[in-house]
Amino acid sequence: MASLFARLRHLSVKRLISKSTRTVAGQVLVFQVALVVLLVACGVFALILQSERDSSAEARRRSTAVAQTFAHSPGVLAALQSPDPSKVLQPLTEAARRAADVDFIVVMDTTGIRYTHPLPDRIGQRFVGEIGPSLAGRVYVESVDGPLGREVQATVPVKDADSEVVALVSAGMKVKNVESQLNRQLPIILGAGAGALALSAGVTALVGRRLRRQTHSLAPDEMTLMYEHHDTVLHSVREGVLIVAADGRLMLANDEARRLLELPQDVEGRPVSDLPGLDPEMKALLASGREATDEVHLAGERLIAVNQRPTGREGGPRETVVTLRDSTELQAVTGRAEVARERLRLLYDAGLHIGTTLDVLRTADELARVPIPRFADFVTVDLADAVLHGEEPAPTGTDMRRAAVSGIVDNHPLTEQGRLFDYLPSTPQARGYGSGRSQLVSDLPTATGWRVQDPERAQAIIDYGIHSLITAPIQARGVVLGMASFWRTQQHEPFNEEDVSLAEELVARAAISIDNARRYTREHALAVTLQRSLLPQAIPEQSALDIAYRYLPAQSGVGGDWFDVIPMPGSRVALAVGDVVGHGLHAAATMGRLRTAVHNFSALDLPPDELLSHLDDLVGSIDQSEAAESAAGVVGATCLYGIYDPVTRRYVMARAGHLAPALVGPDGTVTFPDVPAGPPLGLGGMPFQTAELCLAEGTQLVLYTDGLIEDRRRDLDVGMELLREALTGNPGRPPEETCQDVLDSVLPGRPKDDVALLVARTRQLPPDRVADWDVPPDPAAVAGMRDAVSRRLEAWGLSELGFTMELILSELITNAIRYGSGPIHVRLIRDRTLICEVADGSSTSPHLRYAATTDEGGRGLFLVSQMAERWGTRYTPQGKVIWAEQALP
């Protein structure tokens, strides 16, 4: 089994080697390894030769240096002249030999007889070597077989003072010692060679690995096939390919690039700036080497899309690869797609910006502004005059009013906004209005029908440069509401049929909004008319108060705010202000019902708290009756009701969930009286309370609804403070000015709720116009009262009313004495009418009845009703008051 595994491993290794040597990288690797081994072997051999030569040279140099040094050493001549030179020189030569690391130093005479030698038995014998050159005065180096063996020796002459050779010195080394130095250096040399071989092999392996990665382990035939395919594809694709060097020279151009750029055959190697037929911008792009993506440049009559990318990211040459595509037809298609996309964007913007409000003029202005300047230079919108008032349009193009005009500039010759037209049948507007189809006038200067309407203005339009027109009917729910006209100047091409369809789509998007605004205008006008008809049409004549008022309906629809001024008996005046929460016809109708109820209850001369109690019961019954049908109750209705008496200057009031009034004193100070706040009307179960104030003459009562001071963008306290500031510091200001100043200072720019404001400045009836008497409960006192009243009427210049007033007063006092209880009081008031009041302590109400012919009494009140303009009864905490009025002459 182990042999089988070994054989498989051997086969796999052999297969891997054989496979690797088949690839280009493998073959290159084998070749490089063999080359490296050869170079390393040659290097080792050369190092051995060099080392041997260097060792021999070192031996010759050292021998020569040692011999010359010893020959010129001091004391050598003296030793040679001594009786026994060997005795002196032998120790010196041995010491010098060991110090100089040579094998021998021999001193001899001129005949070659040795004085010294490392072997003492060789002293006195002849020197082995050539001494002739040295006797001639030269240094002579040679290799000989001496007593020590094969030696390399240098012989140097020793001269005396007269430069005569008196002896010779030879120093040398044995050859085997020189070779031993070479042997010591040889492992180092071989180790260095092996290291160089390993390093070179590793580098070669890395190079081969990278080459194998770059060639994807392809064999030479595979590489050849790949190159052939690459060359075929490069010159067959329908996309131009260029390779530009870093210095701006063209390195490669395939066939498609030559065709697109019309390049000559010998174009490779030339600078791109010298290429013929290229646009200067394209030449600059190719020479710059910067990145480019689908940049379009001109090449002859073609539009070329250029993509350019740099190369050489992994250490290769810094070049750029350029691809070229013919985008001439693509540009045409793209242009049409861009036009379609721009039209869709215009329609999208029209859907966002047209019809933002339910205002006819605002919607027409939005239609006139959206197409500028993308579709037209000027736009005019003409609507039937009835549409602006919420009515149905006429069937012909007469009575058309210019609702909007807009353009790229303001100083244009088109007719201004607000102008009324009666379009002639020959005009495009009249034809389009009558047929319901758009009209195209692509060349205005040559057209004649539109000139008939206004020849001078038509000529001014042509002179201005307007050359093309589209008129599209504004049609919604089968009814033509008006015409939209689109005008173009020289900045645009003339309109065509495709533009007509876009104009119709724009107008169609606006037509529904205009029709909705028209319907809303009509409904809003009806609701406002209804609401205003339910409010006071004029302030009734009275002498107790100077009154001014303002009523502003809400922007989003009618509301339930209301006010009222009601004259009361005895020169008194009742002031009422209320609010029904919500908007719409239901709120307006409910407001009318409440106002009528207040009028009816005030005719009974009820105190404010009792009147609000009756009104609360009424609202509760309305809620119960309507809850089952529409669930549209009146929950949230509020009311403030008060009565001012100019004789006593007393103001009695009560409120049901309403805001307290503001009082502006004669000195200009502003206060908000503490009036008990009852619950809103319709809740029931809680009594209302009154507050009584004594007001100085000239005090201003300011009654208002919450729409004046409340707003989503500010707190209620802020609104109250603004109202205080608007009222402070102007005591003598008339009520009319007070109303306007309060609205200007307090009211928001676009109030969301309707506003009712009532300002009343108090007056006091002069004392000389009032006369009162206490009457004892005695029938005999009636005659005295008639005399007193006659004198008072005579003093007022009303003597002609004396008989009638005496008769009325006699009947009323007699009834009080007979049927009432004390105390009895009579008051006579001269105001706009002559008022007679008889008060007693009884709460029994008199009844008018018709007496039969056989009845002796029962005709008193009948006579009073016949002679007086008005008469009636009101109840007080002390009893009742029966009053009667007579018109002044």
Side-chain angles (χ1 to χ4, degrees), residues 532 535-552 561-578 595 598-599 602 608 640-653 655 658-673 675 691-705 708 723-747 755-770 829-835 885 888:
R532 291 192 180 277
L535 291 171
Q537 303 303 308
I539 298 298
E541 294 182 0
Q542 42 82 34
S543 302
L545 299 167
D546 290 332
I547 294 177
Y549 66 92
R550 293 290 188 276
Y551 177 78
L552 299 178
D561 290 13
W562 57 279
F563 67 93
D564 216 335
V565 179
I566 307 171
M568 302 288 288
S571 297
R572 297 170 303 144
V573 177
L575 300 178
V577 62
R595 178 171 176 260
V598 170
H599 263 274
S602 65
L640 171 66
Y641 181 82
I643 300 174
Y644 174 70
D645 187 348
V647 177
T648 62
R649 293 184 286 108
R650 294 287 178 177
Y651 180 59
V652 181
M653 58 180 165
R655 60 181 178 134
H658 203 83
L659 297 170
L663 299 180
V664 183
D667 57 352
T669 59
V670 179
T671 59
F672 294 92
V675 182
E692 183 175 344
L693 304 175
C694 183
L695 304 179
E697 185 176 10
T699 301
Q700 289 191 358
L701 285 166
V702 181
L703 284 67
Y704 52 90
T705 57
L708 178 67
L723 177 61
R724 181 193 299 273
E725 294 176 359
L727 296 173
T728 302
N730 295 284
R733 182 171 51 184
E736 280 289 340
E737 295 183 8
T738 301
C739 283
Q740 192 59 45
D741 292 344
V742 167
L743 293 182
D744 294 340
S745 303
V746 181
L747 196 63
V755 176
L757 174 64
L758 183 65
V759 178
R761 184 168 58 185
T762 62
R763 296 176 183 174
Q764 181 181 6
L765 200 63
D768 58 354
R769 291 194 176 191
V770 180
I829 302 173
R830 179 190 173 189
D831 193 10
R832 293 179 179 273
T833 61
L834 183 60
I835 306 170
E885 291 183 3
L888 297 177

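From a predicted model like this one, the values you see are computed outputs, not experimental measurements. Start at 1 with the first residue, then count along the sequence.
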Query raised in the report: Can you list the residues that meet the side-chain hydrogen bond (donor to acceptor under 3.5 Å, both in side chains) rule with Q542, with sequence neighbours excluded?
Result: none
Query raised in the report: When you look at L663 and L693, which way does the side chain to side chain contact (heavy atoms under 4.5 Å, CB included) test go after all the steps?
Result: CA-CA 11 Å; L663 299 180; L693 304 175; 3.6 Å; yes
Query - Side chains of S571 and I835 in contact at under 4.5 Å (non-hydrogen atoms) - result: yes
**Report entry** Qualifying residues under salt bridge (charged side-chain N to carboxylate O under 4.0 Å, His left out), relative to R649, sequence neighbours excluded
**Finding:** none
Query raised in the report: What residue among L708, T705, L552, L757 forms side chain to side chain contact (heavy atoms under 4.5 Å, CB included) with D561?
Result: T705
Report task. Look up atom CD in Q764 and atom CG in D645, then write down how far apart they are to the nearest 0.5 Å. Result -> 10.0 Å
**Report entry** Residues in side chain to side chain contact (heavy atoms under 4.5 Å, CB included) contact with P734, at least two apart in sequence or another chain
**Finding:** E737
Requested in this report: Give a yes or no answer on whether the side chain of T762 reaches the backbone of G698 with a donor-acceptor pair at less than 3.5 Å.
Outcome: yes
Query raised in the report: Considering residues at least two apart in sequence or located in another chain, which fulfil the salt bridge (charged side-chain N to carboxylate O under 4.0 Å, His left out) criterion with R724?
Result: E721
Report summary line: Residues passing the side-chain hydrogen bond (donor to acceptor under 3.5 Å, both in side chains) test with E697, sequence neighbours excluded, are none
Query raised in the report: What's the spacing between L575 CG and Y651 OH if we round to 0.5 Å?
Result: 5.0 Å
Query raised in the report: Got a sec, which residues hit salt bridge (charged side-chain N to carboxylate O under 4.0 Å, His left out) with R830, two or more places apart in sequence or on another chain?
Result: none
Requested in this report: Measure the spacing between CG of L703 and CG of L758 and express it to the nearest 0.5 Å.
Outcome: 5.5 Å
Query raised in the report: Where do T648 and C694 come nearest, in terms of heavy atoms and distance?
Result: O-SG, 4.5 Å
Query raised in the report: Listed by chain and number, what are the side chain to side chain contact (heavy atoms under 4.5 Å, CB included) partners of A660, not counting sequence neighbours?
Result: R655
Report task. List the steps and the verdict of side chain to side chain contact (heavy atoms under 4.5 Å, CB included) for F672 and L723. Result -> CA-CA 11 Å; F672 294 92; L723 177 61; 4.1 Å; yes
Query raised in the report: Got a sec, which residues hit side-chain hydrogen bond (donor to acceptor under 3.5 Å, both in side chains) with R733, two or more places apart in sequence or on another chain?
Result: T738, D741
Query raised in the report: Please walk me through it: do R550 and V755 pass side chain to side chain contact (heavy atoms under 4.5 Å, CB included)?
Result: CA-CA 8 Å; R550 293 290 188 276; V755 176; over 6 Å; no
Query - Closest non-hydrogen atom pair between T671 and P673, with its separation - result: O-CD, 3.7 Å
Query raised in the report: Does V702 reach the side chain of L727, with side-chain heavy atoms less than 4.5 Å apart?
Result: yes
Query raised in the report: With sequence neighbours excluded, what pairs up with Y704 under the ring-ring contact (aromatic ring centres under 6.0 Å, His included) test?
Result: none
Query raised in the report: In Å and rounded to the nearest 0.5 Å, what is the CG to OG distance from D831 to S543?
Result: 4.0 Å
Report task. Using the test side chain to side chain contact (heavy atoms under 4.5 Å, CB included), find all partners of V652 that sit at least two apart in sequence or belong to another chain. Result -> P608, T690, E692
Requested in this report: Determine, stepwise, if the pair S602 / M568 fulfils side chain to side chain contact (heavy atoms under 4.5 Å, CB included).
Outcome: CA-CA 8 Å; S602 65; M568 302 288 288; 4.2 Å; yes
Report summary line: Sorted by chain and residue number, the salt bridge (charged side-chain N to carboxylate O under 4.0 Å, His left out) partners of D546 (sequence neighbours excluded) come out as R761, R763
**Report entry** L545 side, atom CG; R572 side, atom CZ - distance, nearest 0.5 Å
**Finding:** 12.5 Å
Query raised in the report: So which heavy atom on Y644 is nearest to which on A544, and how close?
Result: CE2-O, 3.5 Å
**Report entry** Residues that T669 engages under side-chain hydrogen bond (donor to acceptor under 3.5 Å, both in side chains), provided they are two or more places apart
**Finding:** D667
Query - L640 side, atom CG; M653 side, atom CE - distance, nearest 0.5 Å - result: 7.0 Å
Query raised in the report: Hey, does L695 have a side-chain heavy atom less than 4.5 Å from the side chain of L701?
Result: yes
**Report entry** Taking every non-hydrogen atom, the tightest pair across V565 and P540
**Finding:** O-CG, 3.3 Å
